[in-house]
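The structure appears right after this line, and notes come after that.
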Amino acid sequence: MHKLRLSILFALVACGCSAGCEHLTPPNNNNNNIDAGTLPPPPLANCGDGGFADMVVDGTDPNTVKMECKSTDYCDPYAIGYTPDPAVQQQVNLTMGSMSLSEKADQMRGTNPGGGSNYSDIFRTPDNANKGIRGFLFRDGPNGVNLAAQLPSGKKGYSTTFPVPMARGATFDMDLEYKVGQAIGDEVIASGNTMLLAPTVNILRHPAWGRAQETYGEDPFLLGRMGTAFVVGVQQFVPACVKHYAANNIENGRGSANAQMDEQTLREIYTRHFEMIIRDGGVACVMASYNLINGKKATQNKHLLTDILRDDFQFLGFVLSDWWAMPPGTANASSDALSANAAEAMGAGLDMELPWAYNYQQMEAITGPGKPVDEARVTQATRRILEQKYRFKIGKMGEPAGLRPAMTTLSSQNSIENNEGHIAIAHEAALKAITLLKNDSSTLPIKRGNVHTIAVIGAEVPYHVVNTDLANGTVKFYSDPRLGDLGSGRVFPDPAKSSGPLAGIKQIGGSGITVVSGANANLADNADFVVVVAGLTPEDEGEEYTGAGDRPNFSLDGKSGTNAQNNLIAAVAAKHKPMVVVLEGGSVIDMPWLSSVPAVVMAWYPGMDGGRALAELLFGDVNFSGKLPISWPKKWEDEPTFNAGTTTSMDYYLGYRHFDKKGIAPLFPFGHGLSYTTFEYSHLQVPCSTIDKNAVVNVQVDIKNTGTVKGEEVAFLFASYPGATARRPVKELKGFHRVSLEPGQIKRITFSLRVADLKYWDSASNSWKIDAGAVQLQVGPSAGNLPLKDSMTVN
Ligand code: BGC
């Protein structure tokens, strides 16, 4: 009887927050003594009994009593949203009262009227000294603050270089992503800038996309959640601009690439995560992408920028264009053409053209009675822009910029200093991101007592890129810290504070181990363990303007076609020594040697302290816990057609949805990642028999560490719709959770599932729907292994 009552109480709590669930706000933390990156997460509201922290349990059956779950609040630290502050709006009104048309138009465009060829001033909008309004100072990007752009050549400007977002996707750790966001926001302020051009949340439709590394993976829910955590972090300091809206996932020919798709695909797959980052994350700005969608440039696409963004997602911030994403892309355009472009973009909902005052230089000429643009539209755009400037305290000349002062500082050499706290976050991210793909016969960890000489072998691969710093270089795979491509998101760390594989293995291996290194397979001869590091160069993948662009295949040396790295790995494998291959890159890499290599690690681009993190994982000082945020195919042909020329048809099914639908087994499923310990899942509790459409279902599951070492596990929750008549995926991700477990320990974790997140786009009625009927929930360690199942019924 007692047990039953407890269970009923538990079921009540698990069905959602208590009625008094408070509105969540970000911390109003003005305490300058707190190290940036360690600001607390936004507080959990009073959700049930202390929220849903992981709970240590004893493994007995919780005997959940299922009940009807009604409308409840969603209590989550990363769902703070954005509610305009009336005081800020009043400031906007005051400023705007006396602004001329031209002053308003200046808020809506970059510098350098008419464009031309001035590429040295492309990261700001003009100040208005008369009204005391500061222009924006923009910086990329997704894996740190790019301080190199616009510096005289040869000068780099160091800042903290985090693992790339694809790596951070592999952490499935929202608290960590929030800290990364905070740290980057801090460095934006420290470097005298006012807005961050990140996160990148384009769906990785195909692993060949040249900018795969910049996004968090292939799934809209994952991108929506990680992007939200990042934005909430950045926006403790400065506004963030989520990009590239939308369906920008082919790099070659990106300015004319047309993404063709039906409405359900556009809403559910290519824009749904932007909605999450808007509604939950309260993002200030959206960047319209280069490509066309269904025949219309994103920058001039009314359906995208107004119907979806404003009317459906209720976005209250402003929209800017990607750099030169407006037509016509040539300085010789006639003023008529520029005017027509500008009028169309204004009508569609583009508030700001960048980087130059190019088409929008025509604003004064095309605005007013009897002209294509109504002044009210110019006023609306200016109001949106000023509201975000004042919201983040970046809009007033002469005042310190940002919501709180930075903890890091900028040196006279234009480098970020005092960033030890941020490097610790970069290191933590690398530890949680690096993914163990294969580990036969417990080849890893490297056992210090038994191993005396380690060979760290990797090719030295030359690369050539254009329009960026370091046009020619060589990647020394055995020693270089790997940071990512050399496009707009390039970030350079202080070499003295960085570690590559060789330095990391030397430091972590300790004095009892001799380390030899280089590019020659014969170095393995006298070693008793071999680490081969291989991967992609900045020429193999990256932004189009660097000359890198998309990948023609998934092979190592896929562009040069030399096969040098595969040959090197095969030559080492032929020596039959204990060995691991460590791969570095933004997405899938083919492994023709897989069956002859006992252990494989995907290190992604692990950032400035990735070498040390890699070594700690290889020696088992820290356990692997990264999991794939993408499906890893057996071969190129198993993926959808990548780039079909000008127009590519983007199917509803991609990633695990595609593999499920086609019944093709991937090499490694979404969520795959090994550990030095093992985990057992039990006691899935879906506390609701029936749910209404506004309910929150707090699904719980027990996870036990059944091995002998400590570990962290990422658990996944997938939903499917067995009775659906509408087109739905076989299953879709609706929750993920990372938990830390001592050997033998069992913890009960909670996925808070909003039933509203199960919605699909019904093209017939042109609206979102949640059908009445069964929803099946499945929980487990990867998309390919979901042992626990239960269901509930939507009323
Ligand atoms: C990229 C954007 C970036 C912008 C400014 C463009 O090439 O696509 O991601 O924010 O440049 O650097």
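Positions are given from 1, in the same order as the sequence printed here. Being a predicted model, the structure only gives us computed values, none of them experimental. Read the numbers this way: they start at 1 and go in the same order the structure lists the ligands and their atoms.
- Both the sub-6.0 Å distance and the 45° axial angle are not jointly satisfied by Arg168 relative to the ring of Tyr216.
- No cation-pi contact links Arg551 to Phe642, judged by a cut-off of 6.0 Å to the six-membered ring centre and 45° from its axis.
- Salt-bridge annotation for Glu177 and Lys432: absent, with no side-chain N of the basic residue lying under 4.0 Å from a carboxylate O of the acidic one.
- One side chain, Asp121 or Thr111, offers a donor N or O that lies under 3.5 Å from an acceptor on the other.
- For the pair Arg124 and Phe138, the cation-pi criterion (under 6.0 Å, within 45° of the ring axis) is not fulfilled.
- When each of Lys243, Arg211, Arg490 is checked for a salt bridge (Lys or Arg N to Asp or Glu O under 4.0 Å) with Asp140, only Lys243 meets the rule.
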Note every protein N or O atom lying under 3.5 Å from an N or O atom of ligand 1, pairing the names and giving the distance.
from: ligand 1; atom 1: 7 (O); to: Arg254; atom 2: NH2; distance (Å): 3.2
from: ligand 1; atom 1: 7 (O); to: Tyr290; atom 2: OH; distance (Å): 3.1
from: ligand 1; atom 1: 7 (O); to: Glu543; atom 2: OE2; distance (Å): 2.6
from: ligand 1; atom 1: 8 (O); to: Arg211; atom 2: NH1; distance (Å): 2.8
from: ligand 1; atom 1: 8 (O); to: Asp322; atom 2: OD1; distance (Å): 3.4
from: ligand 1; atom 1: 8 (O); to: Asp322; atom 2: OD2; distance (Å): 2.7
from: ligand 1; atom 1: 8 (O); to: Glu543; atom 2: OE2; distance (Å): 3.4
from: ligand 1; atom 1: 9 (O); to: Arg211; atom 2: NH2; distance (Å): 2.9
from: ligand 1; atom 1: 9 (O); to: Lys243; atom 2: NZ; distance (Å): 2.9
from: ligand 1; atom 1: 9 (O); to: His244; atom 2: NE2; distance (Å): 2.6
from: ligand 1; atom 1: 10 (O); to: Asp140; atom 2: OD1; distance (Å): 2.6
from: ligand 1; atom 1: 10 (O); to: Lys243; atom 2: NZ; distance (Å): 3.1
from: ligand 1; atom 1: 12 (O); to: Asp140; atom 2: OD2; distance (Å): 2.5

